[in-house]
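One structure below.
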Amino acid sequence: MDLSTKLRAWYRFNARKLPWRETTDPYAIWLSEVILQQTRVTQGLPYFDRFLETFPNVESLAASSEDKLMKLWEGLGYYSRARNLHKGAKYIVENGFPTSYDEWLKVPGVGPYTAAAIASFALHEEKAVVDGNVNRVIARLFAIHEPVNSTAGRKIIEEKASALIRKNPPAEHNQAIMELGALVCSPKSPDCSICPWNTECLALATGLVNTLPVKIKKTKVMEEDLYYTAIYSLNGLYVQKRGVDGIWKSLYELIPISGNSLSLEPDMKLSSERFNTTHLLSHRKLNLHIDVIEWPIQSPELWEGYTLVRWNDIDNLAFPKPIRHWLDNNLLPLRLGSED
DNA sequence: AACTCGGGGGC
DNA sequence: GCCCCAGAGTT
């Protein structure tokens, strides 16, 4: 029995039941693949359900406001995915659904992995997916020492993956090899005893399972301070939408100035305490410092660039995780008694 | 080819 | 702490 046949036999018996495997709708499959980029299945699942419920088709997604889309994406991270999803929806409404791997590659936010996934799942095109799971499974199966995130390594993995899928059912094969990486051939302590490929695996035969795959290390995580002032009044809270490039683009934030450097008018009350919290990104360590000012003037506007959001509307805006956390736990409770 | 972009989970 | 996750876009 050849490799793919053994793999798929294992898959048919051990596959998780996941909603995007129950559909042939290219829209739902596309949506799921974007949500799952660099994201665990368990983390993406509730987002997939909410998106499909809110935007049941590509037309409704394309017609959404950016704020509503970002709010639905809030907390999932890599927010450019949400913005590209929006662009992609408009592109598809304009041009129709792509009908091949090459056409899917033209959709914003769709790269080699996602195009291969959709082309194989929805169009049954014989195109091998290469994601983190496939990198690991193939590097071990063929004992590839070349770094999987180098140009040379990617080329080797791609060739091996393409050879494995050849003349086999593309959708089932791609699902199966990723499922093997997720459930059996895991990064740490893989369960080789139950692996359908344990008699063919070169890494297992040579004792290299725990040293493969090889990866080029990423850069060091730098530390960074963020100073905010939460200015609020009876009317609501002053916020700003992040428009510049960098983290959290198109999400909302507090006023990015420390309270100490604000020119305080006599009747402004600066809270004596400053909230400090750290927030870890994969590539940065953020130290957030938040001052709080109660603004007594019931003015509809503060100054150019900042907008007053009503207390009841704050939940409709997407904030970065640490700011949302702080709002929910420290600021919003203050307003509970004084809601109009 | 190297960097940037989030947040969560596992150990 | 460190690594990884159904990667893509930019420089």
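Quick note on labels: first sequence line is chain A, next is B, and so on, each numbered from 1.
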Please confirm whether the shortest side-chain N or O distance from A:Arg136 to OP1 or OP2 of C:dC5 is below 4.0 Å. yes
More 5' along DNA chain C: A:Pro213 or A:Asp245, using each one's nearest nucleotide? A:Pro213
Using links of under 4.5 Å between side-chain heavy atoms of ILVMFWY residues, direct or through other members, which residues join A:Leu212 in one cluster? A:Leu208, A:Val214
ILVMFWY network linking A:Tyr228 to A:Tyr232, side-chain heavy atoms under 4.5 angstrom: yes
Stretch residues 95-118 of chain A: residues that reach within less than 4.0 Å of DNA chain C through a heavy atom: A:Pro108, A:Gly109, A:Val110, A:Gly111, A:Pro112, A:Tyr113, A:Thr114
Rounding to a whole Å, what distance do you find between A:Leu85:CG and C:dA8:C1'? 13 Å
Near DNA chain C, which residues from residues 124-132 of chain A have a heavy atom under 4.0 Å away? A:Asp131, A:Gly132
A:Gln37 has an atom CD; how far is it from atom C1' of C:dC5, in whole Å? 12 Å
A:Leu317 side, atom CG; A:Leu327 side, atom CG - distance, nearest 0.5 Å: 10.0 Å
So what does A:Leu76 hit on the nucleic acid, given a heavy-atom distance under 4.0 Å: a base, only sugar-phosphate, or nothing? base
Whole-Å distance between B:dA2 P and A:Lys215 NZ? 15 Å
Roughly how far, to the nearest 0.5 Å, is the OG atom of A:Ser233 from the CD atom of A:Glu294? 8.5 Å
Residues within residues 161-182 of chain A bordering DNA chain C, heavy-atom distance below 4.0 Å: A:Gln175, A:Met178
Take the protein atom CG of A:Leu281 and the nucleotide atom P of C:dC2, then report the distance between them rounded to whole Å. 15 Å
Using ring centroids (six-membered ring only for Trp), state whether A:Phe97 and A:Trp30 fall under 6.0 Å. no
In whole Å, what is the span from the CG atom of A:Asn133 to the P atom of C:dC3? 18 Å
Does OP1 or OP2 of B:dT4 have a side-chain N or O of A:Lys249 closer than 4.0 Å? no
Using only atom types and a distance under 3.5 Å, with no angle test, would you say the side chain of A:Arg81 pairs donor to acceptor with the backbone of A:Gly77? yes
Indicate, yes or no, whether a donor-acceptor pair under 3.5 Å links the base of B:dG6 to the side chain of A:Ser282. yes
Return the residues of residues 40-66 of chain A meeting this criterion: a heavy atom under 4.0 Å from some atom of DNA chain C. Order them by number, or give none. A:Arg40, A:Val41
Gap in Å between the two P atoms, one belonging to C:dT10 and one to B:dG6, rounded: 14 Å
Donor-acceptor under 3.5 Å (A:Thr5 side chain, A:Met1 main chain): no
By salt bridge (Lys or Arg N to Asp or Glu O under 4.0 Å), which residues pair with A:Glu126, not counting sequence neighbours? none
Over how many whole Å does the gap from A:Leu288 atom CG to B:dG6 atom P extend? 14 Å
Is the phosphate of B:dT4, meaning OP1 or OP2, less than 4.0 Å from a side-chain N or O of A:His283? no
Of A:Arg154 and A:Leu251, the one whose closest nucleotide on DNA chain B sits nearer the 5' end is A:Arg154
Looking only at heavy atoms, which two atoms of A:Ala318 and A:Met70 are closest? And how far apart? CB-O, 3.3 Å
Do A:Glu223 and A:Asn287 have a side chain donor and acceptor closer than 3.5 Å? yes
Symbol by symbol from the 5' end, with Watson-Crick or G-U pairs under 3.5 Å, [ ] crossing and | another strand, DNA chain B is |||||.|||||
What are the residues of residues 4-33 of chain A, sorted by number, that bring a heavy atom to within less than 4.0 Å of DNA chain C? A:Leu18, A:Trp20, A:Arg21
Write down the distance separating the P atoms in C:dA6 and B:dT4, rounded off to the nearest Å. 24 Å
Is there a side-chain contact between A:Tyr79 and the phosphate of B:dG7, meaning an N or O under 4.0 Å from OP1 or OP2? yes
Over 60° means perpendicular and under 30° means parallel, so tell me whether A:His289 and A:Tyr227 are parallel, tilted or perpendicular. parallel
Sub-3.5 Å donor-acceptor pair from the side chain of A:Asn198 to the main-chain atoms of A:Ile194, do we have one? no
Those residues at least two apart in sequence (or on a different chain) that pass ring pair (Phe, Tyr, Trp, His ring centres under 6.0 Å) with A:Tyr47 are none
For the residue pair A:Ser250 and A:Arg83, confirm or rule out a side-chain donor-acceptor distance under 3.5 Å. yes
Intermediate values then yes/no, ring pair (Phe, Tyr, Trp, His ring centres under 6.0 Å), A:Phe319 and A:Trp248: CA-CA 8 Å; A:Phe319 288 91; A:Trp248 300 332; over 10 Å; no
Name the residue from A:Arg324, A:Lys71, A:Arg310 that meets the salt bridge (Lys or Arg N to Asp or Glu O under 4.0 Å) definition with A:Asp315. A:Arg324
Suppose we screen for ring pair (Phe, Tyr, Trp, His ring centres under 6.0 Å). Which residues come up paired with A:Trp326, at least two apart in sequence or across chains? A:Phe275
Residue whose closest nucleotide on DNA chain C lies nearer the 5' end, A:Lys217 versus A:Asn84: A:Lys217
Separation of A:Leu36 atom CG from C:dA6 atom P, in whole Å? 8 Å
Hits for salt bridge (Lys or Arg N to Asp or Glu O under 4.0 Å) against A:Glu159, two or more places apart or cross-chain, chain-then-number order -> A:Lys155
Is A:Gln38 near enough to C:dG7 that one of its side-chain N or O atoms lies under 4.0 angstrom from OP1 or OP2? yes
Measure the CH2-CG distance between A:Trp20 and A:Leu45 for me, rounded to the nearest 0.5 Å. 4.0 Å
Is there a donor and acceptor pair, one atom on the side chain of A:Thr39 and one on the base of B:dG6, closer than 3.5 Å? yes
Considering only C:dA6, B:dT4, C:dC3, which nucleotide approaches the side chain of A:Arg284 most closely? B:dT4
A:Ile247 CD1 to B:dC5 P: how many Å, rounded? 7 Å
Under 4.0 Å: is that the gap between some side-chain N or O of A:His279 and OP1 or OP2 of B:dG7? yes
Under the rule for salt bridge (Lys or Arg N to Asp or Glu O under 4.0 Å), what residues qualify as partners of A:Lys6, not counting sequence neighbours? A:Glu200
Do the side chain of A:Glu53 and the main chain of A:Phe48 share a donor and acceptor less than 3.5 angstrom apart? no
